[in-house]
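Contents: one structure, followed by commentary.
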Amino acid sequence: MLNSLVHRVSTLVVEKSGAYRQAIAGWLIFFSVLVYTISIVYPGAILYLCGALYWLALFCVFPDVQGRSKKQVRFILICSLPGILLSIYQLNADPFQKALVSNAGIITLLMVVGLFGLSSHSEPKSNINKAFGSGPKFLISTYANVHFIGAIINYAAVIIFGDRLHKIQPLNIHQATLLSRAFASAGFWSPLFVTMAVASTYSPNFDFIAVLPLGLAVAMSGFLYTMIEYRIKGRLDNFLGLGTSVQSMMLPIGVAIVIGVLVYLFPTASIINIVILTALAFGVFHFSTKKYAIVNYVQKRLPKHHNEIALFLSAGALNASLMGVIYCFSDQIDLLRLSPMLCVAFMASAMALNMIGVHPLISITLFAGIVDIENTKPNMLAFTLFSTWAICSALGPLSGQNIGLASRYSRDSMAIAKNNILFSLTLFSICSMFIFLLCDRL
């Protein structure tokens, strides 16, 4: 009896301490979101406070991180130390600062996009069931919804449609793979994606209209490949997806319209920041009629993102470490002349590095640093850069949507990446063909 009493007391203490840790982490995340929101209007050193708060929140919830993710995070952080220490030794504080704030915007986005789904929690399950079914029609509809809505509102589309699918039944690996592909494929052509901003930065003179048909062709090829693959493997007729019910599409379409208008009115603003502000406005409207609901949301819902926070912060630290190494040895690298062969070789290298956790933006940064950008064909360079990001987005186990799908719906990001290997290789082959055959026109 004494042993039983001791066990119960110890269990109660552990549960209470865990609840306190999660509550503290929830408020740290809440204030991180507020600080990041302020930094949108008043950018500067305040962003470092946002990063510091996220790291403190991670410290509080790290015991709750899943076993496999915890091992992965520890390994990534250990691998990040040499580059950051080398940068500090070289008196370059930038990588250390980037490790503090890297991916802060994406983490904030992940924390607030869940606000869009609050309205669906009060929606009767029967309403969602009406737009839910199996077969080719529902696969096409699900793919198109995520692809085109995602092209406007970015990662929020994956969460919105993923939550709707998950509300009917736990999201399976084939659904997660489709969501990953549909979202990543929009990176080939959407002007609202981060990848287009990167392409514009490193190739400012490229003609978007000239490369748009190529991007659309690759995106369509990805859709056709998915249809054929799912048909061959017997997944097409049994695929459970969402139809085009007007009621189920009202929120995504409304969000897309609002964000599209804001992007038009503020073309220089970051799409991530626009989505964050829109989600927060939606949250304020939702909580204004529900007293004390925000406290429960902060203390109970936000800490559940512990896997996402851990993986994104560690991935950001690794990226910052690699940038530090690049900076330290940049003087020893001669600029290369851009050619179709070099572009294809870079894409292949970026894909290989991406499979072991190196973010494509790091590869792009390195590539842009060793290529003679001033004496090159801007359209070919831009097409190479945003195609690399789009392909790696589906292929990388640490890419934004794959990590989000894995942590939010208890899927394996490595399994999603493995399912996308042949898909990514096919798109890589098509992009390579375009680069070789159309390089002179580009």
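Small disclaimer: the values here were computed from a predicted structure and weren't measured.
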With the side chain counted from C-beta on, respond yes when [X] and [Y] share a heavy-atom pair under 4.5 Å apart, and no when they do not.
{"X": "Thr142", "Y": "Leu165", "value": "yes"}
{"X": "Phe423", "Y": "Thr177", "value": "no"}
{"X": "Lys418", "Y": "Asp412", "value": "no"}

Can you give me the closest heavy-atom contact between [X] and [Y], atom names plus distance?
{"X": "Met347", "Y": "Ser387", "result": "CE-CB, 4.2 Å"}
{"X": "Thr384", "Y": "Thr388", "result": "O-OG1, 2.6 Å"}
{"X": "Ala390", "Y": "Gly187", "result": "CB-C, 4.0 Å"}
{"X": "Ala394", "Y": "Ser424", "result": "CB-OG, 4.3 Å"}
{"X": "Ser32", "Y": "Leu28", "result": "OG-O, 2.7 Å"}
{"X": "Ala176", "Y": "Ile416", "result": "CB-CD1, 3.9 Å"}

Of Leu49, Val35, Ile107, which is the lone residue that meets side-chain contact (heavy atoms from CB on, under 4.5 Å) with Tyr54?
->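 Going through the options one by one, the only one that passes is Ile107.
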Nearest 0.5 Å, please: how far is [atom2] in [Y] from [atom1] in [X]?
{"X": "Ile403", "Y": "Arg408", "atom1": "CD1", "atom2": "CZ", "result": "14.5 Å"}
{"X": "Phe428", "Y": "Ile421", "atom1": "CZ", "atom2": "CD1", "result": "14.0 Å"}
{"X": "Arg235", "Y": "Glu229", "atom1": "CZ", "atom2": "CD", "result": "5.5 Å"}
{"X": "Leu302", "Y": "Met111", "atom1": "CG", "atom2": "CE", "result": "7.0 Å"}

Practice item. Check the angle between the aromatic planes of His166 and Tyr409 and answer parallel, tilted or perpendicular using the 30° and 60° thresholds. Key: tilted
With sequence neighbours left out, the residues meeting side chain to side chain donor-acceptor pair (under 3.5 Å) with Ser413 are none
Answer with yes or no whether the side chains of Asn238 and Ser134 bring together a donor and an acceptor at under 3.5 Å.
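Judged by distance alone, the side chains do not pair up.
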Can you check ring-ring contact (aromatic ring centres under 6.0 Å, His included) on Tyr143 and Phe223, steps first, answer last?
-> CA-CA 8 Å; Tyr143 195 104; Phe223 167 70; 5.1 Å; yes
Hits for salt bridge (charged side-chain N to carboxylate O under 4.0 Å, His left out) against Arg411, two or more places apart or cross-chain, chain-then-number order -> none
